[in-house]
2 protein chains.
Amino acid sequence: MEPKKDSTEDKILEAATNVFVTKGMEGARMQEIADEAGINKALLHYYFRSKERLFEAIFAEIIKFAFPKITRIVTSDEPIVSKIEQVIDAYIDLLIKHPFIPAFVIKEINRDPSGLFKLVVKFGLNPQAIFDQIQLAMDRGEIVQMQPRHLVANIISMCIFPFAARPIISFVLFKDDQQALDAFYAERAEVIKQFVINAIVIKNKEKV
Amino acid sequence: MEPKKDSTEDKILEAATNVFVTKGMEGARMQEIADEAGINKALLHYYFRSKERLFEAIFAEIIKFAFPKITRIVTSDEPIVSKIEQVIDAYIDLLIKHPFIPAFVIKEINRDPSGLFKLVVKFGLNPQAIFDQIQLAMDRGEIVQMQPRHLVANIISMCIFPFAARPIISFVLFKDDQQALDAFYAERAEVIKQFVINAIVIKNKEKV
DNA sequence: GCATGATTTAACCACTTAGTTAAACTAAAA
DNA sequence: TTTTAGTTTAACTAAGTGGTTAAATCATGC
């Protein structure tokens, strides 16, 4: 995904990322990865002993990528609404650059959730801090009362789903007009921010 | 998915639906489908000549299912907000009963979009009528101005995505507490409805 | 020059897959 | 009784699959 050096190992990782992300673990073929890396199958196994090891290396990389560094945004001092806006911007930015990640992650976590578990445990992902912050803002009357989990689910859903369902969006909504589709995705960040703000921010006349 | 008669053909369709929906086209094995249907592989091919034909039969059924009969709701006389509420209720209802459909559809339309195309063309799915209605309500000042496509995308996203990402929601948000997870999904319809109404309905003091 | 690691080639293994086939059996219809 | 469709069994094919191996080649630095 990132521009790599072009050592053989990096060429393999890049090729494997492409193939795995588009075809998935089961659909991917070692031969195809070798071809795309411009090497042969023997050398592929020379570097990464098995398909599973290669896949795990790439899956971990992608998951780290898919849970972006919202930690920094969340732990800042800014007001909650500003944080939400930044998270949405960060997500849409990421997804415009890597639109195939959502479908890949959904596919693989549903095929074998254990990979996700390991990584979540490893990185100590804990959403409680975020929920607490949201709850605090609600108690202060800045935003409407709702379960923080649902608010987070709503925001993440609106960010990610249109990329996961890209073929439907493209064909049903835009008749495969690529430019219109790109424009749509480019608008998403502003649209979602406005939508969320309308939905939760309490205009400061009377606070509930 | 539906309770079938138990003719052999229906047993096969039921078994194939289960296997395809959980494993996908590539992960599914004809032998497993035969086993689950309580028959043998030869008979499976006797009824459905190939894996592809069997898959297509089931995929069409699922897609019909996944685009629920919102036509009836949309073409009714009720105000737009009421229609939106009904669509959300219909979607969440459907997904609680068939929570694996979103992941399956996302997987398969990304693997091979041509199946979707055929079906969309066949059923003459046209979202323009919906967009026109939404635009009308906006022009009448009932709801805020935004691109109807984005509004539809937002609503559908919030409905479907939490089911597609079920393993993440379950583990990260609920530590695999099944009861809490079920409760979460049961709350979704009300939460989404409230969220959308807050976001788009103009309180009738001054209209924009 | 020589040693070392990277790389290729090409054959190979063990296994799985979708799909076929032939033979026999069952049950109900004609 | 005979015919027919449905069904089973079991063996088979053809084509992949991931993975291994041995030998030869290439490039580099010591």
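Reminder, nothing fancy here: chain letters follow the sequence lines and each chain counts from 1.
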Starting at NE2 of B:His45 and ending at P of D:dT9, how long is that distance when rounded to a whole Å? 17 Å
What integer distance in Å separates A:Leu54:CG from D:dG19:P? 10 Å
Quick one: is the NZ or CZ of B:Arg111 closer than 6.0 Å to the six-membered ring centre of B:Phe55, and within 45° of its axis? yes
May I have the distance from A:Leu43 (atom CG) to D:dA24 (atom C1'), rounded to whole angstrom? 15 Å
Starting from the C-alpha separation in whole Å, work towards a yes-or-no answer on side-chain contact (heavy atoms from CB on, under 4.5 Å) for B:Arg149 and A:Phe174. CA-CA 10 Å; B:Arg149 272 189 264 253; A:Phe174 295 103; 3.5 Å; yes
Would you say C:dT7 has OP1 or OP2 under 4.0 Å from some side-chain N or O of A:Tyr47? yes
Take atom CZ of B:Arg29 and atom P of C:dG19, then tell me their distance rounded to the nearest Å. 11 Å
Verify the contact: side-chain N or O of B:Arg49 to OP1 or OP2 of C:dG19, cut-off strictly under 4.0 Å; return yes or no. no
Hey, is the side chain of B:Thr8 poking within less than 4.0 Å of OP1 or OP2 on D:dG6, counting only N and O atoms? no
Rounded off to whole Å, could you give me the CD-to-P distance for the B:Gln31 and C:dT17 pair? 9 Å
Assert yes or no for the condition that the ring centre distance of B:His98 to B:Phe163 is strictly below 6.0 Å. no
Among C:dA18, D:dT8, C:dT9, the nucleotide that comes nearest once only the side chain of A:Asn40 is considered: C:dT9
Using whole Å, what does the distance between atom P of nucleotide C:dT7 and atom CZ of A:Phe48 come to? 12 Å
Between B:Gln31 and B:Asp35, is there a side-chain donor-acceptor contact under 3.5 Å, judged purely by atom types and distance? yes
Any B:Tyr46 side-chain nitrogen or oxygen under 4.0 Å from OP1 or OP2 of D:dG6: yes
Can you say whether a donor on the side chain of A:Lys51 sits under 3.5 Å from an acceptor on the base of D:dG19, or the other way round? no
Distance check needed: D:dG18 C1' versus A:Lys41 NZ, whole Å only. 6 Å
Nearest whole Å is fine: how far is D:dG6 P from B:Leu44 CG? 15 Å
Hey, would you say the B:Phe100 and B:Phe104 ring centroids sit under 6.0 Å apart? no
Sugar-phosphate only, base, or nothing, as touched by B:Ala34 at under 4.0 Å among non-hydrogen atoms: nothing
